[in-house]
Structure formats: C-alpha cells, structure tokens
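Here's the structure, in structure tokens; my notes come after.
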Amino acid sequence: MSYNHEQIEKKWQQYWADNKTFKTVNDESKPKFYALDMFPYPSGVGLHVGHPLGYIATDILSSFKRKQGYNVLHPMGWDAFGLPAEQYALDTGNDPAEFTAKNIATFKRQMNDLGFSYDWDREINTTDPKYYKWTQWIFIQLYKKGLAYVDEVAVNWCPALGTVLSNEEVIDGLSERGNHPVERRPMRQWVLKITEYADRLIEDLEDLDWPESLKEMQRNWIGRSEGANVTFQIEGTDKDFTVFTTRPDTLFGATYAVLAPEHKLVAQITTAEQQVAVDAYLDKVKTKSDLERTDLAKEKTGIFTGAYAINPVNGEKMPIWIADYVLATYGTGAIMAVPAHDERDYEFAKEFNLPIIPVLEGGNIEEEAFTGDGVHINSDFLNGLGKEDGIEKAIAWLVEKGVGEKKISYRLRDWLFSRQRYWGEPIPMIHWEDGTMTPVPEDELPLELPKADNIHPSGTGESPLANITDWVNVVDPKTGMKGRRETNTMPQWAGSCWYYLRYIDPDNDNMLIDPELAKRWLPVDIYVGGAEHAVLHLLYARFWHKVLYDLGVVPTKEPFQKLFNQGMILGEGHVKMSKSLGNVINPDDIVASHGADTLRLYEMFMGPLDASKEWTTNGVDGARRFLDRVWRLFMNEDGTLSAKVNGEEGGELEKVYHQTVKKVTEDYEHMRNNTAISQLMVFVNEANKVDRIPTKYAEGVVLLLSPIAPHIAEEIWQQLGHSETLTYAAWPTFDEAKLEDNEIEMVVQINGKVRAKLKVAKDITKDELEKVALADEKVQEHMAGKALVKLIAIPGKLVNIVIK
RNA sequence: GCCGAUGUGGCGGAAUUGGCAGACGCGUGCGACUCAAAAUCGCAUUCCUUUGGAGUGCCGGUUCGAUCCCGGCCAUCGGUACCA
C-alpha cells in the first residue's frame with residue numbers, strides 16, 4: 001500500500017504555516033548558520049525542475065543544522081526588476097508591477113508546495129520601495145566616495161526603436177525585436193569604479209571556501225597584469241602617446257606602433273597622403289561587430305597613418321599604424337609592436353612586410369614568433385640579461401629618462417551601471433539648471449518609481465521616465481532653482497548585490513542593517529547557485545560588500561564564506577530542457593503525481609549536486625518506490641504505527657543503524673546527498689528483513705530522512721507518538737564502537753589478485769595475520785611450487801603475497 | 001588557441017592519505033503471490049572463448065598493489081578570447 005502524498009503534504013504544509021515553524025528567532029545561545037540560495041527572477045512561466053535543485057540542497061542543510069542545535073537563517077526573496085516584465089508591459093500595456101506580483105505569487109505557491117522551510121517573514125522583493133530605498137542609499141554612498149561617475153560610453157543604439165539595447169537583444173547587428181539596424185553610439189552613462197577594488201577582489205579570494213575553478217575564473221576575469229607604460233614621441237611634432245606593455249625589456253625589438261582605431265590621436269597625426277586610406281579603414285571597422293573584429297578575424301588588417309614614432313631606447317623611427325586588433329578599452333589603446341616575440345604582432349608584420357628584429361635568444365623568427373624565455377640580444381644595456389632582470393632594468397632606465405613607469409593593467413573594466421529602462425531602481429540624482437548635480441537627500445528616499453500608463457521609449461535615448469514630466473522636473477524649495485531628475489535606472493544586478501544583508505534585518509526603516517545583527521549573522525555560511533553567475537553577480541556583490549565594509553556597515557570583508565555551484569538538470573537524451581523541444585518538466589506535475597517528497601528525493605538522488613544530470617521518468621518512479629517502502633516498513637495499512645516497531649535498541653539492526661547515522665550525517669555536512677540516500681536505502685533494505693525495529697532506530701531513521709522528505713517524516717514521527725514537529729528534534733548520534741564486529745573479513749591477494757578471504761579478529765597483529773594468510777588452503781594451492789618474494793600484511797586492510 | 005572540468009556495466013552513479021572496482025537506484029531476466037494482470041516480495045545481472053582470463057577513454061611510468069599519483073594522447077562539456 002502506498003501512502004497518500006496529497007493528503008499528508010497538504011496537512012504538514014498547513015501545520016508549518018499555522019505554527020510559523022520555520023520562523024527564525026535570533027537565539028544567541030546557539031551557534032548561527034546562514035544558508036542562502038541565489039534568489040530567482042520570478043518569470044511568467046513559473047518554476048522549472050532545475051530551479052529546486054539548489055533550493056533542496058540548502059533546505060536539507062538548514063533542516064539538518066536546526067536539528068544539530070544551530071540557529072538557522074534560511075530566507076527567500078525575489079530579484080524582480082528586469083527586462084521581461086518591461087517587455088511584457090510594452091507588449092500588452094499592463095503594469096509591470098502587477099505582472100511581477102502575479103508571478104511572485106506563483107513562484108511562492110510552487111515553493112510552498114515543495115515544502116521548503118523558509119522564514120517567509122523575511123521575504124524580500126527588490127522592486128519594493130522599502131527595499132530599493134536602501135539600494136538607492138548605497139548608490140549615494142558610492143557617489144559620495146567617488147566610486148560612481150558619469151562617462152561617455154558606447155552603447156547599442158537602435159534608431160528605429162528609439163532605444164538602447166542590451167547585448168542579448170542584438171543579434172548579428174540587428175535588434176531582436178523588429179530586426180532593425182543597431183549602431184554603437186557614445187552616450188552619457190553612470191559607471192561604477194570597480195577597478196579601484198581589483199586588487200582586493202583578487203587577494204581576498206584566498207580565504208574563501210569556494211571551488212578553486214571558480215576562484216580562477218574570477219582571477220582571470222579581473223586579469224591583473226604587471227608591466228610598464230612607455231611614452232613615445234611622434235617625429236616632427238610635440239605630440240606623444242603612451243603604450244602599455246608587459247615586456248618593456250623587448251623595447252629594442254619594437255619596430256612599429258599600433259593605435260586602436262578609436263584612439264584620439266588618429267585624427268591628429270594622419271598625414272595628408274594617407275588621409276583617404278585611413279578614413280576608408282575607419283569606416284570599414286565601424287561596421288564590424290565586436291565578433292567580427294575578434295573571433296572571426298582570420299587575417300590582420302590595418303593601415304599606415306604616415307606618421308612615425310621615435311623609439312626612446314635607440315632613437316629609431318617606428319611607423320605608426322592603425323589596426324583593429326588593438327582595443328581602445330584595454331591598457332592605453334596603443335601598443336608598441338615587437339613582432340619577433342609576440343604572435344599577433346608577428347602575423348601583422350608578416351602581412352604588411354614590417355621589420356622583425358629578434359631581441360631574445362632562441363626560436364626562429366623565420367618561422368614564428370618566439371614567446372619563450374631567452375637571454376637578451378641586440379639590446380644594448382640589456383644584453384645578456386634574463387627576462388626578470390631585463391624587465392627590471394628596462395623599467396629603471398625608463399623611469400630615469402622620464403619616458404615610462406611601472407604600471408599594472410586590468411582586463412576588468414568599470415561597471416556600466418545605468419540602463420535606459422523604466423522597470424528598475426531610479427538613480428537618485430538631480431541635475432540642476434546651473435550644471436551642477438546633487439544626490440536626492442537621503443531623508444527623501446526612497447525615490448519611488450512613478451506609476452506610468454505609457455512606458456514607451458522616449459526616442460531620445462533616455463528612459464521612458466523622461467516622458468513623465470511631473471516626476472522628472474523638480475524645483476529646489478529653498479533656492480527655487482530648477483532641476484531635472486536622472487532618468488536612467490539601475491541594472492538588475494543592483495538589487496541582487498546586497499539582498500543577503502536585508503534578510504538579516506528585513507524591516508529596518510532606519511538603517512540598511514543593524515550592526516549587531518550583521519555581526520551575528522555574517523558571513524553567509526553556504527551560498528548555492530548556478531555557475532552562470534561565477535563572475536558577474538559574484539564579483540559585483542563582493543565589490544559592494546567591500547564598499548559597505550569600508551563604510552563600517554558590515555563587519556566582514558567578504559559576503560559568502562562558502563559557495564557551491566549546483567549543476568544543471570537536462571532533458572532525456574542529455575539535452576537542455578527548452579520550450580521549443582517540448583521537454584520541460586513542470587514541478588507542479590511531479591508534485592501532483594508523485595509528491596513533493598519524491599521530487600526532492602529524486603533530484604538529490606540523481607547524482608552529485610555539482611554535476612549535470614539527465615531527468616528520467618523511471619528515476620522518479622524509483623524514488624517514489626523507496627518512500628513507499630519506508631512507509632510500509634513503519635506503518636500499517638490504516639496509517640497507524642506497525643507493531644514491528646517496538647522495544648529497546650540493539651538486536652540485528654544495531655550495526656547498520658550506527659553505520660547509517662554516521663554516513664548520513666557526514667554526507668549531509670558535505671552536501672553529498674546522493675550517497676546519504678543510498679545509505680538510507682541500505683538501512684531500509686536491512687530493516688525489511690528483520691522482525692523487530694527498535695523504536696529508537698525508527699525515530700532516528702525518520703529524523704535522518706526528514707531533511708529530504710519532510711512531509712512523510714513528520715507524519716511517521718507523529719505516529720511514533722510525538723505531538724510536536726520534528727523540525728527541532730535532536731539529530732541522532734552514533735557509537736563508533738558499534739560500527740564493526742569483532743571479526744572482520746580480510747582479503748588475501750597473490751600478485752595483486754584477490755585469491756582468498758579470511759575471517760580474522762578485528763585487532764589481529766601483523767605476525768598473526770601473516771601466519772593465518774599463509775596457512776589458508778587456497779593460498780597454499782596458488783603458492784605450490786613458487787618462491788615467496790615478498791609479503792605485505794596490513795591489519796585492517798589486506799595481505800598481499802608476491803610469488804615467482 | 002588558452003583556461004577549467006569530466007571520461008567507470010545496458011543506464012544514473014558508488015568507491016580518496018594508493019588496498020575486495022561496480023554500493024544504491026533504474027532497466028532487464030527468472031521465480032513467488034494471482035484465475036489473470038498490476039502492485040508487492042525473492043533471486044540474478046561488468047564482459048569473454050569460464051578449472052580461467054580481461055576490465056574504470058587510449059598508450060606508457062612509479063608501486064607489492066593504481067579508478068585514485070606522474071608523463072603523453074584522444075573524446076566530451078563549460079568558460080573565455082587578438083588583453084599588448
């Protein structure tokens with residue numbers, strides 16, 4: 001007989017809600033544990049079976065820690081600003097706020113159906129003015145610290161739509177909606193100076209308990225490289241330009257220089273003879289997408305400006321070229337080319353017949369660039385030196401002559417923070433008619449997003465907020481000066497940069513977070529989410545946290561002490577689940593047919609949490625079968641407790657029970673939920689073979705199962721005679737002494753192959769073990785006529801006999 | 001190209017200071033129960049030419065002993081890119 005999941009799951013969900021079972025009350029007498037999920041964007045399609053994978057894992061950990069006596073914080077909320085709601089509003093004329101609220105209600109209902117143990121009293125929503133009041137407050141602090149500034153940045157401008165598009169809205173140079181041409185156009189944008197924190201963002205990775213591969217990705221993304229800036233005079237003028245190089249020691253091999261097409265000097269230095277050719281080249285580059293300039297470019301392109309630079313070390317003339325392989329956004333937007341020792345410069349020099357002078361020994365410049373380490377040649381005062389010494393001496397020389405300095409460059413760029421959208425946090429700044437700019441006074445926050453009937457693009461590149469005149473225009477009540485509000489809004493990243501702080505103190509109107517509570521709960525003990533957020537979200541959140549640390553708002557340098565990336569759930573055939581393939585599994589269907597406990601169990605049993613796994617219907621059936629077995633083990637058909645469950649501990653199940661408690665406890669601790677489940681299956685298989693299950697073992701196993709399958713566990717727990725929820729029951733313990741018998745089985749190998757198995761005393765000595773092994777009949781058989789070469793006997797492990 | 005990860009039965013996956021390869025589940029086969037079927041229970045299930053042999057992507061190395069450590073290669077997945 002199977003249990004009735006619909007009835008039992010509803011019953012306990014109701015009980016938990018009525019009793020506020022999972023409400024987190026600050027309890028200083030207990031150690032704290034903060035388990036956090038990456039909160040979702042509440043889309044219109046609801047939860048997908050991939051979403052709960054991580055949520056189940058943190059829920060298990062939370063449940064486990066509560067029973068181990070921790071004061072657990074396990075909240076959930078909504079990252080609810082974002083493009084889809086705005087697009088929906090544009091398409092249908094509905095209010096994005098209403099649409100979002102509806103989606104949130106669906107997500108919340110689905111999560112509750114899965115039995116998650118969230119403290120909903122701490123629910124947060126990034127679109128709630130009470131929440132974004134503090135997002136805006138953080139922005140003002142960034143501004144006051146000089147970390148938020150306005151700059152002209154090239155964006156994707158679509159003239160036909162009259163709006164700026166994100167990269168993902170542009171496909172092959174055309175707008176995703178309507179296929180209109182898109183061009184790069186510089187516009188006034190807010191930018192956050194994340195580069196100022198680059199070194200700290202690298203250094204502080206050290207102490208974090210994150211996957212090494214993820215730390216490596218962040219380091220590479222920040223891309224710190226040490227080198228030098230070198231200044232080159234332009235022949236026959238008083239102009240100069242600076243290049244960044246990691247190899248100033250190869251300066252004697254620099255035979256030409258290259259400017260990015262966007263470089264400011266291009267217009268000034270191009271000679272009359274070259275003007276037409278240069279203009280043609282610049283035109284060609286403008287039409288190229290980033291992809292064409294980088295990925296797809298098989299051949300180097302470029303054009304000579306007609307101008308020459310002077311190499312400061314030897315006074316040689318170097319032609320100045322323009323090429324799109326040099327990027328305006330990295331370093332100084334200009335390079336010195338050392339074709340003998342750089343592959344890109346080598347290709348370019350070959351293409352345009354520029355001289356190649358080797359300055360490092362080794363390699364063959366007839367065939368390819370030599371990028372290895374070698375002794376310097378053709379380099380005057382650097383000759384004979386190795387790489388390290390050469391760099392050091394070259395920089396010293398540059399500094400002495402006043403033409404260069406040591407310099408560190410980052411691949412990381414400052415964070416483009418404004419969006420020309422309606423559905424985002426308004427940036428709380430006012431531009432005054434006298435040209436000055438001030439933040440909205442902090443006591444006037446939140447600066448609420450105005451209700452709008454029409455959120456169509458302004459057409460000027462400004463956000464739809466520009467159309468709402470009584471919101472945009474302001475007058476200073478003291479001076480009478482007129483002003484205009486900033487119409488840009490913040491990107492979706494903003495709200496998700498600090499939400500983990502607000503859960504700690506969600507209703508505080510006076511400050512972002514109470515410092516005492518921050519001290520109590522930070523850092524987050526476990527943060528689980530998808531690997532797609534490996535760089536951007538995790539880097540932005542770390543950046544804001546560090547700024548808040550500098551402001552004294554938070555007491556820790558880092559927000560997330562431990563991080564875990566869950567894998568993906570794929571459709572059958574190991575393909576992504578997608579609407580177009582029609583293979584999307586809706587958790588609601590599984591909850592209805594098999595129950596939430598089954599879904600939770602199955603998702604955890606599929607394989608390691610961090611792996612990509614394939615969804616199979618047979619697997620779900622198997623998970624349900626196990627819960628049915630559990631139910632039948634403890635319960636009668638009428639839902640009362642089986643008579644098998646009785647009496648004192650001990651008996652046939654003693655060993656397997658203690659093994660199970662040990663293994664499951666250790667596995668939960670390390671989020672190895674798949675193997676914890678197999679151990680529970682082993683116990684259930686054993687328990688089915690015996691006539692009596694000691695009551696204490698039954699209770700223990702129900703507790704061990706409860707983090708994964710909380711509803712069925714509560715129901716059995718109640719039938720075991722408990723009137724209270726098992727949420728805060730004490731976690732079962734095990735006794736090391738009961739894990740093993742006095743007699744253990746040991747293996748005898750001959751030449752590495754298992755030939756015999758022996759039953760021996762647990763504490764057998766090495767000598768005795770050798771004797772017993774050699775005396776064994778099968779061993780004797782194999783050894784007949786052979787000479788003993790070596791005998792390895794390790795009590796508790798094995799015996800290996802080497803013969804010849 | 002570079003960086004990272006992974007590779008184990010028919011399938012998902014177990015096995016870590018180097019010590020019995022294949023736990024647990026799925027599937028399959030056989031049996032019990034049943035008028036019959038489903039459900040349930042029990043047994044079996046890496047492969048082969050089976051007194052034995054081979055086997056954790058492939059080739060080699062270290063070791064008494066390698067899924068695990070080292071070197072080389074192949075494949076798949078993810079990230080990323082003229083970063084000077």
Side-chain angles (χ1 to χ4, degrees), chain A residues 1-2 211-217 219-221 223-225 227-228 243-248 250 254 257-258 260 290-291 293-295 297-298 300 323-327 329-338 341-345 347-348 409-413 531-532 534-535 565 567-568 570 572 574 601-602 605-608 610-623 625-626 628-629 632 663 672 674-682 684-685 688-689 745-757 789-794 796-803:
Chain A
M1 273 303 104
S2 61
E212 197 46 48
S213 58
L214 196 136
K215 291 189 190 179
E216 198 54 28
M217 280 168 78
R219 285 188 201 106
N220 292 340
W221 188 263
R224 180 192 151 101
S225 59
V243 307
F244 173 71
T245 175
T246 53
R247 296 298 300 269
T250 60
V258 186
D290 277 3
L291 258 185
R293 260 179 82 162
T294 57
D295 260 17
K298 290 275 177 280
K300 293 275 181 291
D324 59 5
Y325 82 92
V326 174
L327 303 178
T329 49
Y330 182 76
T332 60
I335 63 159
M336 64 178 210
V338 184
H341 306 294
D342 182 286
E343 280 161 24
R344 293 153 300 178
D345 297 344
E347 269 179 56
F348 191 84
S409 272
Y410 301 93
R411 178 188 175 277
L412 181 72
R413 293 173 201 165
E532 65 273 23
V535 261
N565 284 131
M568 272 204 303
L570 303 168
E572 295 197 37
H574 226 75
L601 177 75
Y602 175 58
F605 188 59
M606 288 172 89
D610 55 1
S612 291
K613 294 150 294 215
E614 188 173 328
W615 183 275
T616 67
T617 311
N618 282 336
V620 186
D621 293 341
R625 252 193 311 263
F626 171 65
D628 284 340
R629 277 167 70 81
R632 282 195 308 267
K663 173 115 181 99
R672 296 188 297 243
N674 55 330
T675 50
I677 292 166
S678 21
Q679 184 60 42
L680 287 167
M681 288 172 168
V682 169
V684 170
N685 290 345
N688 264 314
K689 291 178 192 158
E745 193 182 64
M746 284 199 41
V747 165
V748 182
Q749 296 183 336
I750 292 174
N751 287 345
K753 293 211 168 64
V754 178
R755 296 300 185 190
K757 293 186 180 182
V789 178
K790 194 167 181 179
L791 182 59
I792 297 115
I794 305 164
K797 296 222 163 157
L798 54 32
V799 180
N800 191 10
I801 301 165
V802 186
I803 55 174

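Order of the sequence lines sets the chain letters (A, B, ...), proteins ahead of strands, with each chain counted from 1.
Contacts of A:N685 with the nucleic acid, taken as non-hydrogen atoms under 4.0 Å apart, involve only primed sugar atoms and P, OP1 or OP2. Heavy atoms of A:G622 sit under 4.0 angstrom from primed sugar atoms or phosphate atoms, though from no base atom. Here A:D342 lies out of heavy-atom contact (under 4.0 Å) with every strand. Nucleic acid contact class of A:Q679 (heavy atoms, under 4.0 Å, all strands): none. Across all strands, A:I677 comes closer than 4.0 Å to no nucleic acid atom at all (heavy-atom distances). Backbone-only engagement by A:N674 is indicated by non-hydrogen atom pairs under 4.0 Å involving sugar-phosphate atoms exclusively.
Using cut-offs of 30° and 60° on the angle between ring planes, the pair A:Y330 and A:F244 is perpendicular.
We find that CE of A:M217 is positioned 18 Å from P of B:rC2, with the value rounded to whole Å. Between A:I750 atom CD1 and B:rG53 atom C1' the separation is 16 Å, expressed in whole Å. A:L601 places its CG atom 11 Å from the P atom of B:rC26, with the value rounded to the nearest Å. Note: CG (A:L680) to P (B:rA23) measures 18 Å, nearest angstrom.
Contact check, A:R625 against B:rG27: a side-chain N or O comes under 4.0 Å of OP1 or OP2. Contact annotation: A:S225 side-chain N/O to B:rA84 OP1/OP2 distance is under 4.0 Å. OP1 or OP2 of B:rC83 has not a single side-chain nitrogen or oxygen of A:N220 nearer than 4.0 Å. In this model, the phosphate group of B:rC41 is approached by a side-chain N or O of A:R629 to a distance below 4.0 Å at OP1 or OP2. An OP1 or OP2 oxygen of B:rA84 is reached within less than 4.0 angstrom by no side-chain nitrogen or oxygen of A:R411. Proximity of A:R344 to the phosphate of B:rC83: a side-chain N or O atom is located under 4.0 Å from OP1 or OP2.
Proximity note for A:I335 (side chain, C-beta onward) versus B:rC24, B:rA84, B:rC82: the nearest is B:rA84. You'll find that the side chain of A:L798 is closest to B:rG19, out of B:rA14, B:rG19, B:rA84. Side chain of A:F605, nearest nucleotide from B:rG12, B:rG13, B:rA84: B:rG12. The side chain of A:L327 has B:rC83 as its nearest neighbour among B:rC83, B:rC41, B:rC64. Distances were taken from every side-chain heavy atom of A:M681 (C-beta onward) to each of B:rA84, B:rA14, B:rC24; the shortest belongs to B:rC24. The side chain of A:E216 approaches B:rC3 more closely than any other nucleotide in the set B:rC64, B:rC3, B:rC82.
Glycosidic torsion of B:rG9 falls within 90° of 0, placing the base in syn.
To the nearest 0.5 Å, atoms CD1 (A:I792) and CD (A:Q749) are separated by 9.0 Å.
One finds a salt bridge joining A:E216 and A:R219 here, because a Lys/Arg side-chain nitrogen approaches an Asp/Glu carboxylate oxygen to under 4.0 Å.
A distance of about 11 Å separates the P atoms of B:rC68 and B:rG18, rounded to the whole Å. Nucleotides B:rC11 and B:rU56 place their P atoms 16 Å apart, quoted to the nearest Å. Using P as the reference atom, B:rG65 and B:rG78 are 40 Å apart when rounded to the nearest Å. Annotation: B:rU63 and B:rU16 have their P atoms spaced 25 Å apart (nearest Å). One P atom belongs to B:rU67, the other to B:rG22, and the distance between them is 12 Å to the nearest Å. Between B:rG72 and B:rG4, the two P atoms lie 13 Å apart (nearest whole Å).
Between the base of B:rC26 and the side chain of A:N618 there is no donor-acceptor pair shorter than 3.5 Å.
Each of A:N688 and A:V802 has a nearest nucleotide on RNA chain B; the 5'-most of these lies closest to A:N688. Projected onto RNA chain B by closest heavy-atom contact, A:K689 and A:K790 fall at different nucleotides, the more 5' of which corresponds to A:K689.
Here the shortest heavy-atom pairing between A:T332 and A:V243 reads OG1-CA, 3.3 Å.
Proximity of a side-chain donor or acceptor of A:K613 to a complementary backbone N or O of A:P608 within less than 3.5 Å is detected. At least one donor-acceptor pair under 3.5 Å links the side chain of A:Y602 to the backbone N or O of A:T616.
Put simply, the side chain of A:F605 reaches to within 4.5 Å of the side chain of A:M681, judged on heavy atoms.
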